[in-house]
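Report on the structure given below.
All residue numbers in this chain count up from 1 along the given sequence.
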Amino acid sequence: MKKNLSNPNKRELTPGDVAQRCGVAVSTLHFYESKGLISSFRNPGNQRRYTRDVLRRVAVIKIAQRIGIPLATISDSLMQYSPGKRMTTKEWAVLSQQWRDELDRRIETLTHLRDDLDGCIGCGCLSMEDCPLRNPNDRLSEQGTGAILLDVK
């Protein structure tokens, strides 16, 4: 059962308050904090508390994750902005443009992969001399023969 917030406008928020309002688990908040994405402070009773600006910051993180931005990129981007200060409209515009450019690059790459997929027969590039996806212009022939493209894990 969800806890009813007695005062949704209070300045100090508990991890439970933030989790409920942002739709994430408390453990997610702790993870974000360990990665430097958000910050908290300790009250006189040594309990973790967040300022209200964390609500917007978690929303930005969730938006970025939803569109596929890697957490490392999100972290690098957010390091430009103080975690204890509300992000301005201008700051969000700069940040969203960076992510838009990243998305445009990904869309272009995925579009090329999709368009080249018709030439692939799913063989792992072991029987084709010229695979448009994994071995364009047979570049791998310079490395020798055999299953050069097998993923090493």
Side-chain angles (χ1 to χ4, degrees), residues 2-3 5 8-41 48-143 147-153:
K2 288 190 177 182
K3 184 171 99 175
L5 295 176
N9 295 320
K10 63 184 176 179
R11 293 198 183 276
E12 295 180 7
L13 301 171
T14 68
D17 293 338
V18 176
Q20 180 183 356
R21 293 189 58 187
C22 293
V24 299
V26 171
S27 60
T28 300
L29 297 175
H30 294 172
F31 176 74
Y32 288 167
E33 194 168 347
S34 74
K35 298 298 181 187
L37 295 165
I38 62 175
S39 63
S40 68
F41 63 94
R48 187 184 315 254
R49 294 293 183 258
Y50 296 96
T51 55
R52 292 181 51 74
D53 61 279
V54 78
L55 299 172
R56 179 164 293 179
R57 200 161 177 102
V58 171
V60 167
I61 294 165
K62 286 180 62 178
I63 289 166
Q65 287 181 306
R66 185 166 184 200
I67 60 176
I69 303 294
L71 201 55
T73 303
I74 297 168
S75 179
D76 290 345
S77 298
L78 289 179
M79 290 299 173
Q80 303 171 47
Y81 308 102
S82 171
K85 180 182 155 253
R86 184 177 177 186
M87 187 177 285
T88 66
T89 304
K90 185 176 181 179
E91 290 169 335
W92 171 248
V94 170
L95 187 58
S96 65
Q97 185 59 53
Q98 290 171 358
W99 291 345
R100 178 183 298 273
D101 294 343
E102 170 71 18
L103 286 174
D104 287 343
R105 283 189 294 278
R106 285 184 186 190
I107 289 168
E108 183 178 348
T109 299
L110 288 171
T111 300
H112 287 288
L113 288 171
R114 182 202 61 209
D115 294 347
D116 290 341
L117 190 59
D118 291 341
C120 180
I121 59 172
C123 66
C125 300
L126 301 178
S127 64
M128 292 177 68
E129 286 183 7
D130 184 16
C131 175
L133 290 175
R134 302 287 303 263
N135 189 19
N137 302 317
D138 196 24
R139 289 185 307 217
L140 293 174
S141 65
E142 298 168 9
Q143 297 178 27
I148 296 169
L149 289 176
L150 289 179
D151 293 331
V152 179
K153 295 190 185 209

Problem set entry | Test log, rule side chain to side chain contact (heavy atoms under 4.5 Å, CB included), inputs E12 and T51 | CA-CA 5 Å; E12 295 180 7; T51 55; over 6 Å; no

Seminar exercise, completed: For L78 and R57, the nearest pair of non-hydrogen atoms, with its separation, is O-NH2, 3.1 Å

Exercise. Does a sphere of radius 6.0 Å around CZ in R100 hold more than 12 heavy atoms from other residues, nucleotides or ligands, not counting ones at 6.0 Å or beyond?
Worked result: no

Seminar exercise, completed: In terms of heavy-atom contacts, M79 and K35 come closest through CE-O, 4.1 Å

For this session: Taking all heavy atoms of S39 and all of Y50, pick out the closest pair and write down the distance.
Result: O-CD2, 3.3 Å

For this session: Drop me the distance from R49's CZ to T14's OG1, to the nearest 0.5 angstrom.
Result: 5.5 Å

Problem set entry | Test salt bridge (Lys or Arg N to Asp or Glu O under 4.0 Å) applied to R105 and E102, step by step | CA-CA 5 Å; R105 283 189 294 278; E102 170 71 18; 3.1 Å; yes

Seminar exercise, completed: With sequence neighbours left out, the residues meeting salt bridge (charged side-chain N to carboxylate O under 4.0 Å, His left out) with E91 are K85

For this session: Could you tell me which non-hydrogen atom of A25 sits nearest to which non-hydrogen atom of A19, and how far apart they are?
Result: C-CB, 4.1 Å

Problem set entry | Intermediate values then yes/no, side chain to side chain contact (heavy atoms under 4.5 Å, CB included), L29 and V54 | CA-CA 10 Å; L29 297 175; V54 78; 5.7 Å; no

Identify every side-chain donor-acceptor pair in residues 59-76 under 3.5 Å, counting partners at least two apart or on other chains, and give the distances.
{"unit_1": "K62", "atom_1": "NZ", "unit_2": "C22", "atom_2": "O", "d": "2.6"}
{"unit_1": "Q65", "atom_1": "OE1", "unit_2": "Y32", "atom_2": "OH", "d": "2.8"}

Exercise. Which value, rounded to the nearest 0.5 Å, describes the distance between H30 atom NE2 and I38 atom CD1?
Worked result: 8.5 Å

For this session: Apply the test side chain to side chain contact (heavy atoms under 4.5 Å, CB included) to residues T88 and Y81: give CA-CA distance (whole Å), side-chain angles for both, the deciding distance (0.1 Å), then the verdict.
Result: CA-CA 10 Å; T88 66; Y81 308 102; over 6 Å; no

